2 protein chains.
Amino acid sequence: MKNNKYMDIYNFLKELIVNKKIKPGEKIPSESQLTKKFNVSRNTVRRAITMLINEGLVNSIHGKGVFILENSSPSFSIGGLQSFEEASKKNNLKYKTIIHSFEIIKTDKNLAKKTTFPLNTKLYKIKRIRNIDNENIILDVNYFNYEIIKGLNKIIAKKSIYDYVENNLKLNIAGAKKVLSVEKIEACEKNLLDLDNNELVAIIKNFVYLDNGVLFEYTESKHRYDKFSFTSYVRRI
Amino acid sequence: MKNNKYMDIYNFLKELIVNKKIKPGEKIPSESQLTKKFNVSRNTVRRAITMLINEGLVNSIHGKGVFILENSSPSFSIGGLQSFEEASKKNNLKYKTIIHSFEIIKTDKNLAKKTTFPLNTKLYKIKRIRNIDNENIILDVNYFNYEIIKGLNKIIAKKSIYDYVENNLKLNIAGAKKVLSVEKIEACEKNLLDLDNNELVAIIKNFVYLDNGVLFEYTESKHRYDKFSFTSYVRRI
DNA sequence: CGCGATTTGTACGTATGTATT
DNA sequence: TAATACATACGTACAAATCGC
């Protein structure tokens with residue numbers, strides 16, 4: 001972890017909030033109190049507080065203080081960007097990944113539109129089935145730019161592609177745009193998931209970028225509707 | 001709109017990005033260039049850039065510059081907190097609201113758990129059907145704290161409750177935690193929406209806070225699955 | 001390979017404005 | 001009115017990453 005002063009203050013405050021040492025509706029220590037306590041400048045304190053505001057844990061009121069929001073639980077991070085492997089480990093679930101298909105294709109007109117890759121871009125197309133506690137819960141359809149994610153193969157795909165991208169290729173992932181919708185599953189994919197007689201799945205479409213702004217991955221993550229939820233915080237204004 | 005210096009710089013940069021005057025993968029002007037152009041301190045420039053980073057429009061790389069992400073369209077704000085009225089107006093849709101029921105209740109054990117209001121809290125419970133282009137698309141089930149949202153009635157509910165809360169009661173809304181899931185609609189609500197023979201709906205559960213951190217509203221917004229999508233941006237780390 | 005120029009990252013200190021109590 | 005608390009903004013300094021020569 002980073003050992004910055006603003007992170008110290010951030011972690012200090014976050015611990016107070018998530019462990020309810022200060023209750024929802026109450027105020028965190030004032031900026032001047034925190035500058036004294038941590039022996040830092042006010043800018044540094046404000047930076048830590050700004051992070052908490054962006055996370056939706058607190059809200060500042062001019063002239064009054066910074067208030068803890070009710071329901072400020074750590075579940076806020078569920079919507080976060082993490083790989084299947086990371087998420088499953090964190091929640092101590094028995095999981096495995098089944099590679100259903102692995103091919104190299106080029107974008108045609110339809111696929112270019114859907115993925116926003118240019119026409120005729122060479123892509124890895126991978127279908128992976130995510131099995132949790134012996135049920136096929138998630139179908140991931142990944143498209144990786146062939147020229148960027150060099151040397152991808154089935155063995156890597158069985159483990160963690162993100163791990164390969166970051167630790168072997170030394171590429172840095174900036175973040176992802178996610179679009180969420182509910183759709184009927186395609187006929188050819190129906191038998192890959194353990195669905196009841198309902199054919200609807202929740203689909204998260206991920207557009208994932210490197211730190212230089214280049215799109216390197218488009219993925220559709222198709223979830224059994226009853227095994228899926230997504231959390232976020234939205235500020236007014 | 002606020003007339004702050006950092007907002008000027010933010011708006012200047014955002015205009016460049018959304019109108020593709022600088023293309024994805026390219027850099028925005030450096031911090032020192034912007035301080036000269038706007039005649040401000042570096043802190044002020046950095047604040048504007050930080051906002052763009054948080055929105056997922058750009059990504060900064062130490063020592064290199066701030067890069068525009070591909071797909072940096074303004075659709076990023078779809079997930080934003082806005083009332084049905086605001087959203088429909090913005091998109092120029094023909095809409096109307098039908099009040100299906102309006103009652104005053106108290107939380108029992110189940111409802112307290114679901115809404116996170118304390119047991120025996122007095123609430124307004126309102127069911128409203130949102131009709132867009134002559135189809136019943138959304139069913140909103142609102143629970144408002146009776147002691148906070150004083151004087152609510154059917155006429156207000158037919159228009160905009162948020163408008164009443166902010167302009168008449170002079171309360172300030174901080175933001176909302178949103179939890180998204182897909183569920184079977186309740187039998188008694190099935191005929192309120194124009195569903196096909198599928199009984200699944202996308203449900204957004206909203207926990208809405210005032211600026212002092214107090215929960216004043218819990219709402220379940222039930223959407224016809226085929227008329228619904230949700231966008232957000234998630235950063236790595 | 002090193003060195004300087006550029007660019008972002010962290011941090012400090014100060015001043016002034018505005019809202020709340 | 002005075003004290004407190006957050007908001008905006010300026011200026012400075014040094015660190016760390018990147019790039020070109």
Side-chain angles (χ1 to χ4, degrees), chain A residues 1-13 22 25-54 57-69 170-172 174-175 210-214 235-237, chain B residues 1-13 22 25-54 57-69 170-172 174-175 210-214 235-237:
Chain A
M1 274 293 160
K2 281 184 199 169
N3 198 18
N4 301 322
K5 295 192 179 182
Y6 71 84
M7 283 304 291
D8 289 345
I9 302 166
Y10 168 83
N11 288 327
F12 169 77
L13 293 173
I22 308 176
E26 294 178 355
K27 291 190 288 185
I28 67 172
S30 72
E31 292 175 358
S32 68
Q33 282 175 295
L34 290 167
T35 56
K36 278 173 201 153
K37 182 179 175 65
F38 284 89
N39 223 315
V40 295
S41 72
R42 213 182 129 212
N43 277 338
T44 307
V45 169
R46 282 180 65 76
R47 180 163 182 178
I49 293 173
T50 300
M51 292 171 69
L52 296 170
I53 293 173
N54 285 331
L57 292 174
V58 300
N59 184 61
S60 67
I61 305 181
H62 197 159
K64 291 181 81 171
V66 178
F67 292 82
I68 298 181
L69 298 180
K170 305 287 185 198
L171 298 173
N172 297 310
L210 298 176
D211 57 5
N212 61 1
V214 173
R235 270 174 302 153
R236 186 83 172 159
I237 298 165
Chain B
M1 274 294 164
K2 280 184 198 167
N3 199 18
N4 301 323
K5 294 192 181 182
Y6 71 84
M7 283 304 292
D8 288 345
I9 302 165
Y10 168 84
N11 288 326
F12 169 77
L13 293 172
I22 307 176
E26 294 177 354
K27 292 190 286 186
I28 65 172
S30 74
E31 291 176 0
S32 70
Q33 282 176 294
L34 289 168
T35 57
K36 278 173 201 153
K37 183 179 173 65
F38 284 90
N39 223 312
V40 294
S41 73
R42 212 182 129 209
N43 276 339
T44 306
V45 168
R46 283 180 65 77
R47 180 161 183 181
I49 293 172
T50 301
M51 291 171 69
L52 295 169
I53 293 172
N54 285 331
L57 291 174
V58 299
N59 184 61
S60 67
I61 306 181
H62 196 163
K64 290 182 82 173
V66 179
F67 291 81
I68 297 183
L69 298 179
K170 304 286 184 199
L171 298 173
N172 296 310
L210 297 177
D211 55 6
N212 60 0
V214 173
R235 269 174 302 152
R236 186 86 173 157
I237 300 165

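The chains referred to below are lettered A, B, ... by the order of the sequence lines, with proteins before strands, and numbering in each begins at 1. In this text, all values refer to a predicted model and were calculated from it rather than measured experimentally.
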Of the non-hydrogen atoms in B:G213 and A:F67, which two are nearest, and what is the gap between them?
N-CB, 4.4 Å
Could you give the CD-to-C1' distance, from B:E31 to C:dT7, as a whole number of Å?
7 Å
B:I49 near the nucleic acid: base, sugar-phosphate alone, or nothing, with a heavy-atom cut-off under 4.0 Å?
nothing
Are A:I49 and A:L13 packed together at the side-chain level, in the sense that at least one heavy-atom pair is separated by less than 4.5 angstrom?
yes
Between CZ of A:F67 and C1' of C:dT21 the distance, given in whole Å, is 12 Å
Between C:dA11, C:dC12, D:dA7, which one does the side chain of A:V40 approach most closely?
C:dC12
Taking only side-chain nitrogens and oxygens of A:K64, does any of them come within less than 4.0 Å of OP1 or OP2 of C:dT21?
yes
With a cut-off of less than 4.0 Å, is there a side-chain N or O of A:S32 near OP1 or OP2 of D:dT4?
no
Between A:T44 and A:S41, does the side chain to side chain donor-acceptor pair (under 3.5 Å) criterion hold? Intermediate values first, please.
CA-CA 6 Å; A:T44 307; A:S41 72; 3.2 Å; yes
B:D211 has an atom CG; how far is it from atom C1' of C:dA19, in whole Å?
12 Å
Taking ring-ring contact (aromatic ring centres under 6.0 Å, His included) as the criterion, tell me which of A:F12, A:Y10, A:Y6 meets it with A:F38.
A:F12
Counting heavy atoms from C-beta on, name the nucleotide in D:dA7, D:dC10, C:dT10 closest to the side chain of A:H62.
D:dA7
On DNA chain C, compare the nucleotides closest to A:S41 and A:G63; which residue's is nearer the 5' end?
A:S41
Hey, does the side chain of B:K5 come within less than 4.0 Å of D:dC10's phosphate (OP1/OP2), counting only N and O?
yes
For A:R46, does its backbone N or O pair with a side-chain atom of A:T50 as donor and acceptor, under 3.5 Å?
yes
How would you label the contact of B:R42 with the nucleic acid (heavy atoms, under 4.0 Å): base, sugar-phosphate, or nothing?
base
Which nucleotide in the list D:dT8, C:dA11, D:dA9 gets nearest to the side chain of B:R47?
D:dT8
Under 4.0 Å from OP1 or OP2 of D:dA9: is there any side-chain N or O of B:Y6 that close?
no
A:N212 CG - D:dA17 C1' separation (whole Å):
15 Å
When the distance from CD1 of A:I9 to P of C:dT10 is rounded to whole Å, what number comes out?
13 Å
Classify the side chain of A:N43 versus the base of C:dG13 as yes if they form a donor-acceptor pair under 3.5 Å and no if they do not.
yes
Any idea which heavy atoms bring A:D211 and B:I61 closest together, and the distance?
O-CD1, 3.3 Å
Side-chain atoms of B:V66 come closest, of D:dA9, C:dT8, C:dA11, to C:dT8
For B:M51 and D:dA7, give me the distance from atom CE to atom P, rounded to whole Å.
13 Å
Between D:dA16 (P) and A:N4 (CG): distance, integer Å
11 Å
Indicate whether OP1 or OP2 belonging to D:dA5 is found under 4.0 Å from a side-chain N or O atom of A:S60.
no
Sugar-phosphate only, base, or nothing, as touched by A:R46 at under 4.0 Å among non-hydrogen atoms:
base
In this structure, how many angstroms lie between the C1' atom of D:dA7 and the CG atom of A:N59, rounded?
14 Å
